[in-house]
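This report concerns only the one structure given below.
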Amino acid sequence: MSSIVAAYDKTLYYNAAEKYCILRLKTADPMVPEDARDKHKFADHLIRFVAVGYDLPRTDAIKMELDGEWIDSKHGPRFQVDTWHELVPPTIEGILGYLSSGLLKGIGPKTAGEIVQRFGTDSLNVIETQPEKLLEIRGITEERLEEIKAGYAESKAVRAIMTVLAPFKLTPKAAMKIYEYFGPDGAALLHKSFYQLCQVPGYGFKKVDAIVQESGGDLHDPMRIRGALFYALEKSRTEGGHLYLEAEKLLGEALALLNEKIPQLDRRLKGPQLAQELITMIKANVVVSTKSNIYLPHVFVQESETARKVAEMLLDQPESVNLAPIMERIRGKLGITLSPMQYRAVEMVFQHDLSIITGGPGTGKSTILKAVIEAYRELYPNSAIALGAPTGKASRRMAETTGMGSAATLHSLLGLHEEDTGWQEKKLLEADFLIVDEASMVDMWLAHQMFMRLKKGAKLLIVGDADQLESVGAGSMFRELIQCGLVPVTVLDQIFRQAEDSRIAYNAKFIKEGTPELYYGQDFAFVTAEDQAQTADLIRRIYRKALKTASIEQVQILTPFRTTGDASANSLNAAIQAEINPPDIRKPELSNGGRLFRLGDRVMQTKNDYDVALYDENGLQVAAGVFNGEVGIVSGVQSNMLTVCFDGRYADYPLESLGELDLAYATTIHKSQGSEYDTVLIPMLTAHRILLSRNLFYTAVTRAKRRVALVGMKKALYIAVRKDSTGKRNTLLGERVQLYYQALSRRNTPAGEEELKNAS
């Protein structure tokens with residue numbers, strides 16, 4: 001590890017989303033290696049060298065002390081910065097330069113000058129210990145003061161986390177994620193024990209444990225046991241979709257993890273030792289135990305607060321309205337006639353503050369939404385309606401089908417970025433009526449954010465298909481609310497779609513009912529293949545043929561597996577890329593970490609990235625954030641950057657961000673949730689039996705609007721249709737709704753107050 005004092009000189013590269021920098025710095029330090037020095041001579045006689053790192057100050061108003069190491073690159077030696085901090089001279093000029101640098105939110109050059117003029121060399125101490133004195137400065141309002149305080153505290157806390165966790169080589173983005181998880185006390189908590197990190201998604205026990213053991217950690221340390229218990233809970237949440245684990249299962253998983261590194265039988269940890277530590281954690285409220293089910297505290301809060309909010313909405317009685325004359329006018333205005341079931345669904349929405357509509361493709365959900373929106377506008381012309389869905393594609397489709405013209409992702413609508421753990425203040429949604437589509441994709445975290453941001457008296461309509469795959473994230477909000485028996489639900493099972501494309505809707509209904517005898521024809525075909533290689537070959541042929549009459553955006557291959565076999569998403573992507581977008585001197589390409597992308601490739605974003613800037617064809621920023629499952633086309637390739645076009649909006653991906661993209665000629669069925677395509681091709685193989693299930697197959701089929709082609713073995717279809725994989729997640733949301741409903745309905749009685757206490 002080396003240390004060097006330097007100042008900013010020039011930006012060679014900067015990625016705003018990742019905050020990754022390549023900077024030229026200047027220093028008087030003679031320890032800079034000769035081969036790392038810029039060969040040019042400068043008037044100030046200072047040495048120039050290249051540094052790489054995250055969130056380095058791009059201002060020469062201050063000097064920095066940098067800790068890191070010299071690394072070799074194809075462009076020559078560079079200083080890779082692990083941590084840094086500002087060196088602010090205790091002079092008027094030094095402090096003014098620091099405050100004017102833009103490093104502190106809410107303070108610009110003019111305000112900086114006024115602060116220094118008023119407080120002199122004591123300015124930094126005032127900002128840190130007596131920030132209310134800043135109100136003496138003209139132009140600093142209470143609101144702006146809060147911005148300055150928050151910015152200063154956040155910057156200080158994130159930097160402290162990066163310092164404590166220097167062995168992990170954190171990016172600022174990762175440090176911010178940890179800060180958002182633990183709050184302002186994050187550095188202090190982590191300083192006590194690195195194992196606290198095991199609570200944070202992305203920091204596995206094995207990685208944390210390896211670093212601790214390198215520095216001589218105790219294999220029997222109680223904090224190590226806690227780390228393993230935290231990790232087992234977090235892993236069950238992220239990989240299994242569970243909100244809790246039964247105590248016995250939790251102890252078993254943690255014990256196996258802890259003893260993996262202890263080959264000597266007599267030194268291994270024992271079950272009673274873990275059980276005692278778990279009891280200690282429960283008593284200290286480090287985890288939550290209810291009926292021997294163990295939750296991480298923030299996950300328990302998500303489930304409990306959501307259940308209470310649902311119960312409160314169910315107990316509120318909105319004003320009664322006379323819909324008959326309004327619905328008659330809507331019938332004439334929109335030219336739609338509702339079936340009795342659809343009409344009852346519209347009535348239900350206006351009789352309750354919370355209601356659910358569920359049904360498969362072609363059952364008229366969009367028609368009902370049009371009628372509901374039109375009726376609400378007529379009844380409440382001054383009230384605001386908001387439309388949201390879990391993905392960008394689903395929200396755009398929602399806007400089109402309802403005629404509203406605008407809808408947003410729930411993340412954007414609610415002002416969300418990363419998963420928070422509850423300590424941040426939640427801003428209420430301004431809408432009086434929120435309609436959420438594709439609700440089967442909403443996990444417990446997002447459901448909690450949604451319910452807790454609804455203002456008092458707001459109406460919520462949740463729409464979706466309960467037979468699709470469950471959310472990628474933990475929990476099963478949509479099914480739990482339907483099954484709890486208290487939320488008003490309309491189940492649409494009559495198909496209204498016209499005959500020319502009805503086979504998809506009817507077959508979806510058969511699949512849902514567990515019937516493998518499907519209707520086949522022009523729009524729903526089964527092509528037989530004997531093995532995986534032949535299946536992959538036939539799919540590629542059908543795909544190429546389909547592209548002769550359709551655009552690349554209209555045809556999609558959906559497969560259960562991402563990595564295994566010729567018919568997996570990865571294998572099909574590589575083969576199709578080579579066939580329809582082969583190497584060409586006119587088509588530049590970029591590769592990193594085994595991924596190769598070429599101009600014109602179809603690609604998918606594989607994780608939520610809330611900081612990516614989206615801009616229009618004129619280069620003006622129009623939005624921020626690209627979400628898991630968004631599909632686009634590579635529209636530009638430079639030596640160290642890709643540009644991807646997502647439905648007319650462009651985003652840049654530097655070399656180190658290519659890991660967020662996959663080729664998307666073929667995708668997994670899970671990744672297709674919330675999307676629709678004209679034509680869908682699906683491999684059906686017994687080799688995929690471990691993932692084949694009714695709701696997986698149903699989800700794949702219902703992504704198609706016009707045509708489905710199944711390729712493979714009829715036996716695999718029978719396996720899929722007859723294997724129901726729903727209802728296996730550990731969640732008590734529906735049960736908690738019932739408990740809260742019962743307690744709140746008689747909250748003014750001694751029994752009700754006791755029930756309410758127990759429910760909480």
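One is the number of the first residue; the rest follow in order along the sequence.
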Side-chain H-bond candidate by donor/acceptor type, [X] with [Y], under 3.5 Å:
X: T731; Y: E303; answer: yes
X: S471; Y: R729; answer: yes
X: N695; Y: S693; answer: yes
X: S672; Y: S675; answer: no
X: E660; Y: Q605; answer: yes
X: T643; Y: D652; answer: yes

Close side-chain approach of [X] to [Y], heavy-atom, < 4.5 Å:
X: I368; Y: K365; result: no
X: F697; Y: L710; result: yes
X: E438; Y: T391; result: no
X: M684; Y: M713; result: no
X: V436; Y: L461; result: no
X: M444; Y: T306; result: yes
X: N293; Y: L245; result: no
X: F451; Y: L354; result: yes

- prompt: Parallel, tilted or perpendicular: which describes the rings of F205 and Y231, with under 30° parallel and over 60° perpendicular?
  reply: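 Rings of F205 and Y231: tilted, as their planes differ by 30° to 60°.
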
- request: Give me the ring orientation class for H411 and W445: parallel if the planes are under 30° apart, tilted from 30 to 60°, perpendicular past 60°.
  value: tilted

Distance, nearest 0.5 Å, that separates [atom1] of [X] from [atom2] of [Y]:
X: I482; Y: M477; atom1: CD1; atom2: CE; result: 9.0 Å
X: D437; Y: T402; atom1: CG; atom2: OG1; result: 9.0 Å
X: M452; Y: H448; atom1: CE; atom2: NE2; result: 5.0 Å
X: Q302; Y: Y295; atom1: CD; atom2: OH; result: 11.0 Å
X: Y665; Y: L547; atom1: OH; atom2: CG; result: 9.5 Å
X: L446; Y: L410; atom1: CG; atom2: CG; result: 5.0 Å

Shortest non-hydrogen contact from [X] to [Y]?
X: A529; Y: T535; result: CB-OG1, 3.3 Å
X: S440; Y: D465; result: CB-O, 3.6 Å
X: T559; Y: A567; result: OG1-O, 2.8 Å
X: S355; Y: M348; result: CB-CE, 3.7 Å
X: D566; Y: A536; result: O-CB, 3.5 Å

message: For L492 and T358: C-alpha separation, side-chain torsions, deciding distance, then whether side-chain contact (heavy atoms from CB on, under 4.5 Å) applies.
response: CA-CA 6 Å; L492 304 172; T358 181; over 6 Å; no

Salt bridge [X]-[Y], side-chain N to carboxylate O under 4.0 Å:
X: E246; Y: K249; answer: no
X: R396; Y: E630; answer: yes
X: D601; Y: R598; answer: no
X: D662; Y: R595; answer: yes
X: R602; Y: E553; answer: no
X: D678; Y: K705; answer: yes

query: Looking at F597 versus Y653, is the centre-to-centre ring distance below 6.0 Å?
result: no

Is there a donor-acceptor pair under 3.5 Å between the side chain of [X] and the backbone N or O of [Y]?
X: R453; Y: L429; value: no
X: S236; Y: L233; value: yes
X: R703; Y: T699; value: yes
X: E735; Y: L732; value: no
X: T564; Y: F561; value: no

Would the number of heavy atoms belonging to other residues, nucleotides or ligands and lying under 6.0 Å from [atom1] of [X] be above 12?
X: K509; atom1: NZ; answer: no
X: E517; atom1: CD; answer: yes
X: K587; atom1: NZ; answer: yes

task: Evaluate ring pair (Phe, Tyr, Trp, His ring centres under 6.0 Å) for F510 paired with Y519, printing each intermediate quantity in order.
output: CA-CA 9 Å; F510 292 151; Y519 292 155; 5.1 Å; yes

field: salt bridge (Lys or Arg N to Asp or Glu O under 4.0 Å) between D523 and R503, intermediate numbers included
entry: CA-CA 7 Å; D523 62 344; R503 282 192 190 90; 2.8 Å; yes

side-chain contact (heavy atoms from CB on, under 4.5 Å) evaluation trace for V626 with R649: CA-CA 10 Å; V626 182; R649 305 174 304 164; over 6 Å; no

Steps toward side-chain contact (heavy atoms from CB on, under 4.5 Å) verdict (H242, S476): CA-CA 9 Å; H242 303 305; S476 187; over 6 Å; no

Chi angles and distances behind the side-chain contact (heavy atoms from CB on, under 4.5 Å) call for V721, L717: CA-CA 6 Å; V721 171; L717 185 152; 3.9 Å; yes

